[in-house]
Enquirer: 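Pasting a structure below so you can have a look.
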Amino acid sequence: TVFTPGGNYNGFVVDATPPVSLSTLPSSAAFVNAVPTLSGTANGDLAGLSKVELTLYDQTANLYWDGTQWIAQSISTLPASFGVQTGTVTWTFDASGVTFTSGRRYGVTSKASDSAGNVEAAPVSTAFTFATQAPSAAISKPQPGALTPAYSNNAESARTLTALSGTAADGGANPSGVSEVWVAVASGAASGSWWSDASGAFNVSQAAIFWTSAVPAGFNPWTYNKASLAPALADGNLYTAFTRARDTAGNLQGYVVNP
C-alpha cells in the first residue's frame, strides 16, 4: 500500500506482548504476623495495563478468598488497585479484612491484562506463612528459688554462677523459628539496678526491665557468658534474671523470671 502525503489514513500499533506481574509483599517464603496489604509490580507496555487480578489461596486448608470469606468451590479473583497504566507500576490490595489463620501458608498469584487484550501468559505465585504464636524461653541457670547452697563464685564454692543459660523454642504449626533471645539481670530486692552489657556493671537505674543484650546465635540452649558478669556479683546480694524471645515473624514473648 502506498500512502500519499496529505491523504487520509489511520495509524496503529500492534502489541502482541503479554503483560507481566509479580507479588512482592509479603515477600516469597516470608513469615509474617500481620498482612495489612498485598502489593507487587506489573508492566503492560506497549498498550498499558487495564487490570491486575489476584488469587489468594490458603495452601494449608485448600481454600480461596473471595473478598469476604474463604471458599472451596472455585478459584476467585480479586481486583488490585494501581495508578498509572504505563511502565512498571505498583499494584496494591487492601488485605485488612482477610481472616488469616496462624500457622498456615498462603499463596498469592497476580495476573495482569493490558489494553490490547493481552493476558499474562504464565502468572507467578509467591507464598508466605502467617504466624502469630509467640516463642517461649526459659532460664535453666540460675535455677529458680532459694536453693542451698547459695550460688557463690568464691574459690571454695561448689555452686558457682559464671553465666546465664536456658532454652528457647518457637511453637505452633509451621513455626518461623527463634530469631532473638534477650537477657536482663537486676540487683537487689527492689530490682531497681540493672546489669549493663556495654559497661560491665550494675549501673542502670530504672523501674522497667533493662534488656541488656541479645544472646549470640544458637538459642536452644542459649548462654549469656559476659566475662565481666561473674566478678560483678556480690556475696549476700539478691539478683533476678529475666529472659524473653522473639521469632522471625516478629512475635515477642512476655518475659520469664528466675530469682
Side-chain angles (χ1 to χ4, degrees), residues 1-132 173-174 176-177 248-251:
T1 303
V2 178
F3 294 98
T4 303
N8 293 325
Y9 61 91
N10 293 323
F12 61 89
V13 175
V14 175
D15 180 4
T17 304
V20 293
S21 67
L22 182 66
S23 175
T24 58
L25 185 69
S27 58
S28 181
F31 287 86
V32 296
N33 60 7
V35 189
T37 305
L38 302 175
S39 65
T41 60
N43 189 308
D45 290 348
L46 297 167
L49 286 174
S50 62
K51 63 180 178 180
V52 176
E53 297 175 304
L54 308 180
T55 299
L56 179 57
Y57 175 52
D58 183 334
Q59 296 179 346
T60 307
N62 193 26
L63 299 172
Y64 294 89
W65 182 255
D66 71 351
T68 58
Q69 62 183 337
W70 294 100
I71 61 172
Q73 290 87 343
S74 62
I75 296 177
S76 292
T77 56
L78 308 166
S81 301
F82 55 91
V84 297
Q85 293 179 296
T86 56
T88 299
V89 305
T90 297
W91 57 258
T92 60
F93 176 79
D94 183 1
S96 59
V98 180
T99 54
F100 293 100
T101 300
S102 183
R104 293 186 179 180
R105 289 192 174 96
Y106 296 88
V108 180
T109 304
S110 60
K111 184 174 70 173
S113 301
D114 67 17
S115 297
N118 300 304
V119 179
E120 188 168 0
V124 178
S125 296
T126 60
F128 63 91
T129 301
F130 185 74
T132 57
N174 298 317
S176 63
T248 303
N251 301 300

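FYI, side chains are in, hydrogens and waters are out, and symmetry mates aren't considered; it's all heavy atoms of this structure. Numbers for residues simply follow the sequence, beginning at 1.
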Enquirer: Just how far is it from atom CZ of Phe82 to atom OG1 of Thr92, taken to the nearest 0.5 Å?
Expert: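 The distance works out to 10.5 Å.
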Enquirer: If you look at every heavy atom in Ser50 and Gln85, which pair is closest and at what distance?
Expert: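 Of all heavy-atom pairs spanning Ser50 and Gln85, the closest is CA-NE2, 4.4 Å.
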Enquirer: In Å and rounded to the nearest 0.5 Å, what is the CG to OG distance from Leu49 to Ser113?
Expert: 8.5 Å
Enquirer: State, with a plain yes or no, whether a side-chain heavy atom of Thr101 is found less than 4.5 Å away from one of Tyr106.
Expert: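 Heavy-atom side-chain distance check passes, below 4.5 Å.
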Enquirer: By ring-ring contact (aromatic ring centres under 6.0 Å, His included), which residues pair with Phe93, not counting sequence neighbours?
Expert: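 Phe93 satisfies ring-ring contact (aromatic ring centres under 6.0 Å, His included) with no residue once adjacent residues are dropped.
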Enquirer: Show the atom names and distances, to 0.1 Å, of all donor-acceptor pairs under 3.5 Å that link a side chain in residues 27-38 to residues at least two apart or in another chain.
Expert:
unit_1 : atom_1 : unit_2 : atom_2 : d
Asn33  : ND2    : Ala249 : O      : 3.2
Asn33  : ND2    : Asn251 : OD1    : 3.3

Enquirer: May I have all residue pairs that pass salt bridge (charged side-chain N to carboxylate O under 4.0 Å, His left out) and include part of residues 57-70, sequence neighbours excluded?
Expert: Asp58-Arg104
Enquirer: Under a 4.5 Å cut-off applied to non-hydrogen side-chain atoms, are Arg105 and Asn174 in contact?
Expert: yes
Enquirer: Start with the C-alpha distance between Val98 and Trp70, add both sets of side-chain angles, then the distance that settles side-chain contact (heavy atoms from CB on, under 4.5 Å), and finish with yes or no.
Expert: CA-CA 9 Å; Val98 180; Trp70 294 100; 3.7 Å; yes
Enquirer: To check you understand the geometry: which heavy-atom pair defines the closest contact between Ala116 and Ala47, and what is its length?
Expert: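 Nearest pair, atom of Ala116 first, then Ala47: N-CB, 3.6 Å.
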Enquirer: Can you check whether Gly177's main-chain N or O pairs, donor with acceptor, with Thr248's side chain at less than 3.5 Å?
Expert: yes
Enquirer: Give the intermediate values and the outcome of side-chain contact (heavy atoms from CB on, under 4.5 Å) for residues Val119 and Lys111.
Expert: CA-CA 7 Å; Val119 179; Lys111 184 174 70 173; 3.9 Å; yes
Enquirer: Once rounded to the nearest 0.5 Å, what's the spacing between atom CG of Leu46 and atom OG1 of Thr17?
Expert: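 So the CG of Leu46 and the OG1 of Thr17 are separated by 6.5 Å.
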Enquirer: Just how far is it from atom OG of Ser110 to atom CG of Leu78, taken to the nearest 0.5 Å?
Expert: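 Going from the OG atom of Ser110 to the CG atom of Leu78 covers 11.5 Å.
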Enquirer: Taking all non-hydrogen atoms of both residues into account, name the closest pair between Gly87 and Asn43 and its distance.
Expert: C-ND2, 3.4 Å
Enquirer: Is there a donor-acceptor pair closer than 3.5 Å between any side-chain N or O of Asp45 and the backbone N or O of Thr86?
Expert: no
Enquirer: Considering the options Thr129, Leu56, Thr132, which one meets the side chain to side chain contact (heavy atoms under 4.5 Å, CB included) requirement together with Phe100?
Expert: Leu56
Enquirer: Please identify each residue that fulfils side chain to side chain donor-acceptor pair (under 3.5 Å) with Trp65, with sequence neighbours left out.
Expert: none
Enquirer: Does any pair with a residue in residues 116-127 pass side chain to side chain donor-acceptor pair (under 3.5 Å), and if so which ones, sequence neighbours excluded?
Expert: Ser21-Glu120, Ser23-Thr126, Thr109-Ser125, Asp114-Asn118
Enquirer: Checking Thr55 now: which residues fulfil side chain to side chain donor-acceptor pair (under 3.5 Å) with it, not counting sequence neighbours?
Expert: none
Enquirer: Could you state the interatomic distance from OG (Ser102) to CZ (Phe130), rounded to the nearest 0.5 Å?
Expert: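 Reported to 0.5 Å precision, the distance equals 6.5 Å.
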